[in-house]
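Heads up: the structure comes next, in structure tokens.
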Amino acid sequence: MASGPWEDHGMGTQEHMELRLVLVGKTGAGKSATGNTILGRAAFESRLAPQGMTRMCAQESRLWQGYRVVVTDTPNMFDSPEHSARSCYQLARCLLLSAPGLHVLVLVTQVGRFMQEDEEAARQVWRVLGREAARHTIVLFTRKEDLGDISLQHYVSSNASLRALLRTCGGRFCAFSNRAAGAEREAQVEELMVLVQRVLEENRSTHYTSELYSQATRLLNRSDVDFEEKCERLAKQVEQRLQGQQGDGVLGLLRWCCCRFSGDRSHMRRFPGIHVTEGCTESKPSWGLVREEPVLPLWHEHSSPG
Ligand SMILES: Nc1nc2c(ncn2[C@@H]2O[C@H](COP(=O)(O)OP(=O)(O)OP(=O)(O)O)[C@@H](O)[C@H]2O)c(=O)[nH]1
């Protein structure tokens with residue numbers, strides 16, 4: 001059974017409790033290589049490829065201090081804002097593989113190459129999974145060796161977008177050199193697992209779930225439908241959800257303003273990207289002063305998702 005920081009999570013005494021980690025990020029960020037570091041073996045194919053190496057979500061696991069750490073590797077599922085059928089299918093596959101819900105979402109990005117696509121990957125994955133998934137997110141930087149003499153802390157504090165992203169993720173981040181081997185590699189895994197432990201503590205040891213995950217679980221219980229068919233069916237639900245959200249904007253604005261004017265900010269987290277420009281006060285609401293914010297969420301201006 002687990003020892004040290006892992007023994008007291010209220011997760012029961014069952015051997016090999018599952019910890020489901022899902023790796024997401026843009027093409028070439030190092031998701032597969034990170035998965036291999038965590039697993040301690042070359043389980044996923046990791047190679048530089050202009051169009052992306054990983055085509056299908058895949059899952060592998062290892063035992064770690066009495067836990068079964070289950071890692072789901074994904075392709076870039078958010079390569080176009082239009083949400084292609086391929087992306088919806090991969091999202092569905094990812095949900096089915098990690099049902100009934102993920103414990104930790106690992107957002108993988110490269111040191112020195114944090115770009116709009118990384119922000120987009122984060123926003124899109126939270127859009128599909130639900131905004132509260134940010135509470136389960138850890139940002140993991142690959143190519144740690146490229147930092148040279150610069151500390152990771154210094155690196156992240158020098159970029160405003162990164163700072164915003166990390167605030168949204170509760171300040172949970174770490175860096176891997178996926179070229180590392182042996183003790184150095186295991187020390188990195190240990191560092192990540194300390195953050196995983198934090199996520200568990202902050203979420204009362206429960207996994208993250210959502211309506212789509214519930215649908216995935218219901219589908220998994222159907223013995224009359226094969227896995228491919230389950231993926232196809234859930235992909236339709238994913239597509240509908242994404243389409244539904246496009247029409248949710250006005251309703252979102254309305255709800256958001258109502259929350260703001262009533263002083264209740266608890267619902268604001270549900271509508272990331274909606275921002276009130278200067279001049280819109282609680283005593284003087286104005287639709288004209290409300291706009292969609294193209295970058296990360298508004299809540300880092302007001303409160304973190306605590
Ligand atoms: N030097 C160095 N190279 C890395 C590191 N992590 C990943 N790479 C390299 O970056 C390239 C892309 O890595 P992948 O793991 O395939 O990236 P991915 O995000 O899974 O890519 P797709 O599956 O194509 O979306 C590979 O050539 C890796 O060897 C790292 O920490 N250091």
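Just so you know, ligand 1 is whichever comes first in the structure, and atom 1 is the first atom listed for that ligand.
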Worksheet item: Does atom CD of E228 have more than 12 heavy-atom neighbours, drawn from other residues, nucleotides or ligands, at distances under 6.0 Å?
Response: yes
Discussion item. Quick check against the 3.5 Å criterion: does K230 have a side-chain atom that pairs as donor or acceptor with the backbone of R222?
Written reply: yes
Item to complete: Before signing off on this row, confirm whether N178 and ligand 1 have an N or O atom pair separated by under 3.5 Å.
Response: yes
Worksheet entry | Pairwise side-chain contact, I38 with L192, heavy-atom cut-off 4.5 Å (strictly under) | yes
Worksheet entry | Region of F44 that comes within reach of ligand 1 [heavy atoms, distance under 4.0 Å] | neither
Worksheet item: Below 3.5 angstrom, do we get any N/O pair linking R143 and ligand 1?
Response: yes
Practice prompt. Kindly indicate, with the supporting measurements, whether the criterion salt bridge (charged side-chain N to carboxylate O under 4.0 Å, His left out) is fulfilled by R198 and E202.
Written response: CA-CA 6 Å; R198 244 177 77 188; E202 287 167 12; 3.5 Å; yes
Worksheet item: Closer than 4.0 angstrom: is that true for some heavy atom of G25 and an atom of ligand 1?
Response: no
Practice prompt. Taking only heavy atoms of F176 into account, list the atoms of ligand 1 that are under 4.0 Å away from them.
Written response: 31 (O)
Discussion item. Against V22, only a single residue in L95, L102, V106 fulfils side chain to side chain contact (heavy atoms under 4.5 Å, CB included); can you say which?
Written reply: L102
Worksheet entry | Side chain to side chain, F44 and E60, heavy atoms closer than 4.5 Å | yes
Discussion item. Checking the N or O distance criterion of under 3.5 Å, is ligand 1 in contact with T27?
Written reply: no
Worksheet item: Quick check: does S32 get an N/O under 3.5 Å from an N/O on ligand 1?
Response: yes
Worksheet item: Using a distance-only test with no angle check, is there a side-chain donor-acceptor pair under 3.5 angstrom linking S98 and Y213?
Response: yes
Worksheet item: With side chains defined as the heavy atoms from C-beta onward, is the minimum distance between L166 and V156 less than 4.5 Å?
Response: yes
Worksheet item: Could an N or O of ligand 1 be found under 3.5 Å from any N or O of K31, whether backbone or side chain?
Response: yes
Worksheet item: Considering K144, M77, E145, which one's heavy-atom position lies nearest to atom 32 (N) of ligand 1?
Response: E145
Practice prompt. Take every heavy atom of G28, measure it against each atom of ligand 1, and state whether any distance is under 4.0 Å.
Written response: yes
Worksheet item: Can you find an N or O of R179 that's nearer than 3.5 Å to an N or O of ligand 1?
Response: yes
Discussion item. Geometry only, no angles: is A33 polar-contacting ligand 1 at N/O separations under 3.5 Å?
Written reply: yes
Discussion item. With nothing but distance in play, are any N or O atoms of S46 less than 3.5 Å from an N or O of ligand 1?
Written reply: yes
Worksheet item: Side chains of T34 and T37: do they bring a donor and an acceptor to under 3.5 Å?
Response: no
Fill in: Where ligand 1 meets S177 - atom numbers and elements under 4.0 angstrom, heavy-atom basis
31 (O)
Discussion item. Heavy-atom contact check, 4.0 Å cutoff: does Q110 meet ligand 1?
Written reply: no
Worksheet item: For residues T142 and Q110, is any side-chain donor paired with an opposing acceptor at under 3.5 Å?
Response: no
